[in-house]
Amino acid sequence: ANAASRLLLGIEARQVSGRPLLEVTRNRVVREAVEEAFRLDEPYEFEFEVSGLTRRYLAVRATRLPGEPCPGVVVVLHDITDLRRLENVRREFVANVSHELKTPLAGIKAYAETLRMGAIHDMEHNELFVARIEEQADRLHQLIQDLLHLARVESGREAFDIRDVSLAGVIEGCLPTYLERAQAKQLTLQIEPAEVDVVVRADEGALATILDNLVGNAIQYTPQGGRVVIRCRTEGDSAVCEVEDTGVGISPRDQTRIFERFYRVDKARSRELGGTGLGLAIVKHLTQAFGGQVSVRSELGKGSVFQIRLPLAK
Ligand code: ADP
């Protein structure tokens with residue numbers, strides 16, 4: 001038994017040769033694999049789970065050595081934990097996407113059916129139903145746009161136009177839209193100007209997307225009368241941009257998960273507000289694409305500060 005196999009099977013005994021396999025490995029699957037290999041002419045393969053300090057998935061392949069009588073069996077173990085985890089992520093992702101697509105589709109179908117069953121002649125409500133169909137179709141469109149965007153960024157296929165970009169310039173460009181949205185919710189929107197012009201190397205459009213998502217969320221998750229602040233500064237050789245709100249806040253447990261695709265603290269509420277649950281995942285991947293990172297500090301009921309950190313332009 002080499003060092004790797006001892007680690008994988010959690011073998012503690014120093015001296016293993018001459019001792020019963022089950023006693024040393026305390027693992028029935030491995031013993032069965034050896035027994036099967038003795039019996040068979042072909043290698044015996046099997047995947048199983050070991051629960052030790054951390055849960056691991058192992059693939060075992062037991063092969064009979066040639067000769068009569070058979071001198072022994074070689075057991076090879078592969079740690080396939082990462083592979084399993086990726087498979088799970090993929091499965092979960094497909095399930096999530098299907099679910100997210102199903103909801104607006106079901107809405108469209110229900111409204112269309114209602115219209116067909118007679119509501120089309122109901123002059124008071126028919127336009128409302130058509131408007132709802134349009135709304136749900138827009139949601140589907142947004143969802144697909146976000147998914148495609150995320151896929152492009154993640155695969156590194158997004159063609160960025162990287163150059164020196166002033167953060168103040170990006171903020172200024174987006175400001176009219178933000179002001180309008182903040183006003184509609186009776187929020188105060190404040191820009192704290194930096195002492196120096198903060199210039200990063202990035203794609204201007206992508207920076208605007210990052211900011212749009214963060215400011216959009218801040219406005220979304222802050223009740224009427226609240227305040228949203230955007231500020232930038234330099235720190236060493238990093239540019240720091242923060243979006244602070246006095247909104248509902250995020251619990252420490254949720255803070256570790258909100259950057260995952262489709263994760264929302266309150267699914268029903270986010271959907272109602274037109275969220276796709278992909279915004280922060282896009283922010284994370286875009287920031288990373290420019291060599292930066294995103295983080296959050298937040299307190300439930302008090303508010304949140306989202307911070308992006310990017311390398312300064314030389
Ligand atoms: P969504 O489309 O649901 O806004 P995001 O990926 O942008 O998706 O955000 C994920 C979740 O993180 C949101 O559903 C929300 O629960 C939480 N969240 C994001 N920004 C804020 C914020 N500023 N204040 C409170 N919660 C937030």
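Start at 1 and go down the list; that is how both ligands and their atoms are numbered. In what follows, every heavy atom counts, from backbone to side chain, and hydrogens, waters and symmetry copies are set aside.
- In this structure, Ile250 has a heavy atom closer than 4.0 Å to ligand 1.
- Side chain of Thr81 to backbone of Tyr57: a donor-acceptor contact under 3.5 angstrom is found.
- Ranking the protein heavy atoms by distance from atom 19 (C) of ligand 1 puts Asn217 ND2, 3.6 Å first.
- Considering backbone and side-chain N/O of Leu280, one or more are found under 3.5 Å from N/O of ligand 1.
- When hydrogens are left out, the protein atom nearest atom 13 (C) of ligand 1 is Tyr221 OH, 3.3 Å; that is the closest non-hydrogen contact.
- In this structure, the side chain of Arg6 engages the main chain of Ala13 through a donor-acceptor pair within 3.5 Å.
- Residue Val248 touches ligand 1 through its side chain alone, judged by heavy-atom distances below 4.0 Å.
- Geometrically, ligand 1 and Gly277 share a nitrogen or oxygen pair separated by less than 3.5 Å.
- Between Asp161 and Arg163 a salt bridge is recorded (basic side-chain N to carboxylate O distance below 4.0 Å).
- A 4.5 Å side-chain heavy-atom check between Thr209 and Ile282 finds at least one atom pair inside the cut-off.
- Taking a 4.0 Å cut-off on heavy atoms, Phe306 registers as neighbouring ligand 1.
- Against a heavy-atom cut-off of under 4.0 Å, Val265 is close to the following atoms of ligand 1: 14 (O), 16 (O).
- Counting heavy atoms closer than 4.0 Å to ligand 1, residue Val283 contributes nothing at all.
- Of all protein heavy atoms, the one lying nearest to atom 3 (O) of ligand 1 is Ser270 OG, 2.6 Å.
- Each of the atoms 24 (N) of ligand 1 lies under 4.0 Å from some heavy atom of Ser304.
- The nearest heavy-atom contact from the protein to atom 23 (N) of ligand 1 is Asp245 OD2, 2.8 Å.
- Between Arg90 and Glu87 there is no salt bridge, since no side-chain nitrogen of the basic residue lies less than 4.0 Å from a carboxylate oxygen of the acidic one.
- Judged purely by atom type and a 3.5 angstrom limit, Asn126 uses its side chain to pair as donor or acceptor with the backbone of Ile120.
- Remark: ligand 1 atoms within the under-4.0 Å shell around heavy atoms of Thr276 are 2 (O).
- Heavy atoms only, all atoms of each residue included: Ala182 and Leu189 are closest at CB-CB, 4.0 Å.
- At the top of the distance list for atom 12 (O) of ligand 1, counting protein heavy atoms only, stands Ile258 CG2, 3.3 Å.
- Considering backbone and side-chain atoms alike, Tyr263 places every N or O at 3.5 Å or more from each N or O of ligand 1.
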Considering only distance and modelled atom types, tabulate donor-acceptor pairs under 3.5 Å from the side chains of residues 227-236, sequence neighbours left out.
residue, atom, partner, partner atom, Å
Arg231, NE, Glu192, OE1, 2.8
Arg231, NH1, Glu242, OE1, 2.9
Arg231, NH1, Glu244, OE1, 3.1
Arg231, NH2, Glu244, OE1, 2.8
Arg233, NE, Glu235, OE2, 2.9
Arg233, NH2, Glu235, OE2, 3.0
Glu235, OE1, Arg309, NH1, 3.4
Glu235, OE1, Arg309, NH2, 2.7

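- For the pair Gln307 (side chain) and Cys241 (backbone), a donor-acceptor distance under 3.5 Å is absent.
- We find that Glu135 and Arg139 are not joined by a salt bridge, their nearest charged nitrogen and carboxylate oxygen being 4.0 Å or further apart.
- On a distance-only criterion, Asp266 and ligand 1 share no N/O pair closer than 3.5 Å.
- For ligand 1, the atoms lying closer than 4.0 Å to a non-hydrogen atom of Gly279 are 5 (P), 6 (O), 7 (O).
- Note on Glu154 versus Arg261: salt bridge recorded, some NZ/NE/NH1/NH2 to OD/OE distance being below 4.0 Å.
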